[in-house]
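This report concerns only the one structure given below.
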Amino acid sequence: MRVGVVGLGLIGGSLALRLAHSASNVHVVAWNHHDNPYTKAKAQGIECVDSLEELVHSDLDVLFLCNPLKVMPHILHDISEYGLPEKTTLSDVGSVKGLVSQQVKEAGLYDQFVGAHPMAGNELSGFVAADASIYDNALWAVCVDEHTQLHRFMDVITVITQAVDNTCIVLNDEVHDKAAALISHMPHVVATAFINEIVDDPNRNIAALLAAGSWRDMTRVALTDPDRTRAMVEEDAQNVAQLLRSISKRLLAVADNLEEKDMTSLVEFFEQGNPFRLYKSGAVQNLVQQREFVADSEHWQQDLLDSAKKGERIISISLQNDDQIHAQAIQYGGIK
């Protein structure tokens, strides 16, 4: 298998390293907008090319776009101009799927596209921070719709589950973007609000000395490059704005309860999340449920989305008789 990577930043560089060190027979070809990472990348078994056009014509099975989203329209335009070979399936690793899908459509490449988003990374950036281990036990969201070609989907899934040795869930763009806003984009804003609050406090140095595990865990993502975070949030603006208004109402209600000494409402607030606590407890205790199922050849997209909504993650998937999708999935009970 030949896999291409556009962009050797934290996510793309780590993916290239993961693939280059894969137990599967994968040849990785990469292009970066400047060649600073090339010496180290080549030493790790990654073939580096001098131009995007050369990468596009490198006889690739799958090409992952790991470039910043702000340059995605330019990258897609150039790939279209160079002529993406029919053999190559196009994918990406962006944290917002609806916007990217629209840009791919505008570039005339949607028939070859299957969007993806690995839930991996840290607050660092650049190839100097690239680390294959950030993909250890990672979950990928793979986004499809009624126009997604099944063999293109299988190309991407094969890379994820076999070459990268990860699990996945299958979503559509809308479900993905709303969920990503809930568990990533909105929390980045909230974490940033935390550190803004401490910066503005006259006792900030005392508070910083007292800060321990809970503060570290709640503010880790706020250490990310602020331009990178801002761009990510802007790209999912509507979903993030709605969630911020929702969580603001919850926090204001708690403030009112505290001032009014409404203990009943406070108890309800702190107990409301018990289903999530039980879900996490089950995951920690490895209470795994496993099942195999066949996705209907005509409605495979919805069947796989239904699996994700149950809280299942796919650990292996295969195409049999050219039209039957056999999947093996695990779950930790789901949130009831």
Side-chain angles (χ1 to χ4, degrees), residues 1-5 15 19 22 24-26 56 59-66 76 79-80 83-94 97-98 100-119 138-177 179 290-331:
M1 179 180 291
R2 292 175 64 85
V3 178
V5 175
L15 178 60
L19 291 169
S22 171
S24 302
N25 185 21
V26 180
V56 168
D59 191 32
L60 303 173
D61 295 292
V62 180
L63 174 58
F64 284 97
L65 305 180
C66 305
L76 289 168
I79 291 174
S80 181
L84 186 65
E86 176 65 23
K87 170 186 178 180
T88 304
T89 294
L90 186 66
S91 189
D92 77 316
V93 296
K97 307 316 315 171
V100 173
S101 289
Q102 184 58 40
Q103 293 169 342
V104 173
K105 290 175 183 176
E106 292 170 357
L109 296 168
Y110 198 63
D111 286 346
Q112 293 174 253
F113 181 69
V114 180
H117 178 203
M119 304 310 295
L139 173 73
W140 290 61
V142 180
C143 290
V144 301
D145 63 19
E146 66 274 13
H147 301 295
T148 304
Q149 297 182 32
L150 181 54
H151 77 279
R152 302 283 186 193
F153 168 74
M154 292 303 303
D155 286 344
V156 174
I157 288 292
T158 298
V159 174
I160 293 170
T161 59
Q162 296 183 23
V164 187
D165 193 26
N166 283 170
T167 58
C168 67
I169 56 177
V170 181
L171 310 174
N172 58 44
D173 290 344
E174 180 181 7
V175 170
H176 170 275
D177 288 354
Q290 185 168 321
R291 76 175 180 115
E292 296 183 7
F293 66 96
V294 177
D296 182 88
S297 59
E298 293 185 4
H299 308 101
W300 60 273
Q301 299 96 330
Q302 186 61 49
D303 288 347
L304 293 175
L305 175 58
D306 289 343
S307 169
K309 287 184 175 181
K310 293 176 182 177
E312 296 177 335
R313 59 173 67 195
I314 294 171
I315 58 176
S316 67
I317 192 167
S318 62
L319 186 62
Q320 300 183 12
N321 301 321
D322 293 329
D323 62 358
Q324 282 193 330
I325 298 178
H326 288 244
Q328 188 172 11
I330 60 172
Q331 70 166 183

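Here the side chains of S316 and T161 are not in contact, with every heavy-atom distance at 4.5 Å or above. Between S307 and V170 the shortest side-chain heavy-atom distance does not fall below 4.5 Å. The side-chain heavy atoms of D61 and K87, taken from C-beta on, include a pair separated by under 4.5 Å. Here the side chains of C66 and L15 are in contact, with some heavy-atom distance below 4.5 Å. In this structure, the side chains of L304 and I314 come closer than 4.5 Å at one or more pairs of heavy atoms. At least one side-chain heavy atom of L19 sits less than 4.5 Å from a side-chain heavy atom of V159. L171 has its side chain within reach of L305: a pair of non-hydrogen atoms, C-beta onward, lies under 4.5 Å apart. Residues R291 and K310 form a side-chain contact, since some pair of their non-hydrogen atoms from C-beta on lies under 4.5 Å apart.
Proximity of a side-chain donor or acceptor of Q112 to a complementary backbone N or O of P85 within less than 3.5 Å is detected. Between the S80 side chain and the A107 main chain, a donor and an acceptor come within less than 3.5 Å of each other. Judged by distance alone, the side chain of S91 and the main-chain N or O of V114 form a donor-acceptor pair under 3.5 Å. Judged purely by atom type and a 3.5 angstrom limit, S24 has no side-chain atom pairing as donor or acceptor with the backbone of V26. Under the 3.5 Å distance criterion, the side-chain polar atoms of D92 are left unmatched by any main-chain donor or acceptor of H117.
To the nearest 0.5 Å, the span separating CG on L63 from CG on L90 amounts to 5.5 Å. Atom CZ in R313 sits 9.0 Å away from atom CG in N166 (nearest 0.5 Å). Taken from CD in Q301 to CG in L150, the straight-line distance is 8.0 Å, to the nearest 0.5 Å. The distance from the CG atom of D165 to the CD1 atom of I315 is 10.5 Å, given to the nearest 0.5 Å.
Under the side chain to side chain contact (heavy atoms under 4.5 Å, CB included) test applied with L84, the options T89, I79, L60, L76 reduce to a single match, I79. Each of V294, I317, L319 was compared with H326 under the side chain to side chain contact (heavy atoms under 4.5 Å, CB included) criterion, and only V294 meets it.
Using cut-offs of 30° and 60° on the angle between ring planes, the pair F153 and W300 is tilted.
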Worked check of side-chain contact (heavy atoms from CB on, under 4.5 Å) between N172 and D145: CA-CA 6 Å; N172 58 44; D145 63 19; 5.6 Å; no

Verdict with supporting geometry, I325 and D303, side-chain contact (heavy atoms from CB on, under 4.5 Å): CA-CA 10 Å; I325 298 178; D303 288 347; over 6 Å; no

Criterion side-chain contact (heavy atoms from CB on, under 4.5 Å) on V142 and I169, from CA distance to verdict: CA-CA 6 Å; V142 180; I169 56 177; over 6 Å; no

Chi angles and distances behind the side-chain contact (heavy atoms from CB on, under 4.5 Å) call for W140, V156: CA-CA 11 Å; W140 290 61; V156 174; 5.9 Å; no

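Across every non-hydrogen atom of D177 and K97, the tightest pair is OD1-N, 2.8 Å. The two residues M119 and A138 have their closest heavy-atom pair at O-CB, 4.1 Å. Nearest heavy atoms, C143 versus H176: SG-CB, 3.7 Å.
A salt bridge is absent between R152 and D111: the closest approach of a Lys/Arg side-chain nitrogen to an acidic carboxylate oxygen does not fall below 4.0 angstrom.
Annotation: Q149, atom CD; neighbour count of heavy atoms from other residues, nucleotides and ligands within 6.0 Å is above 12.
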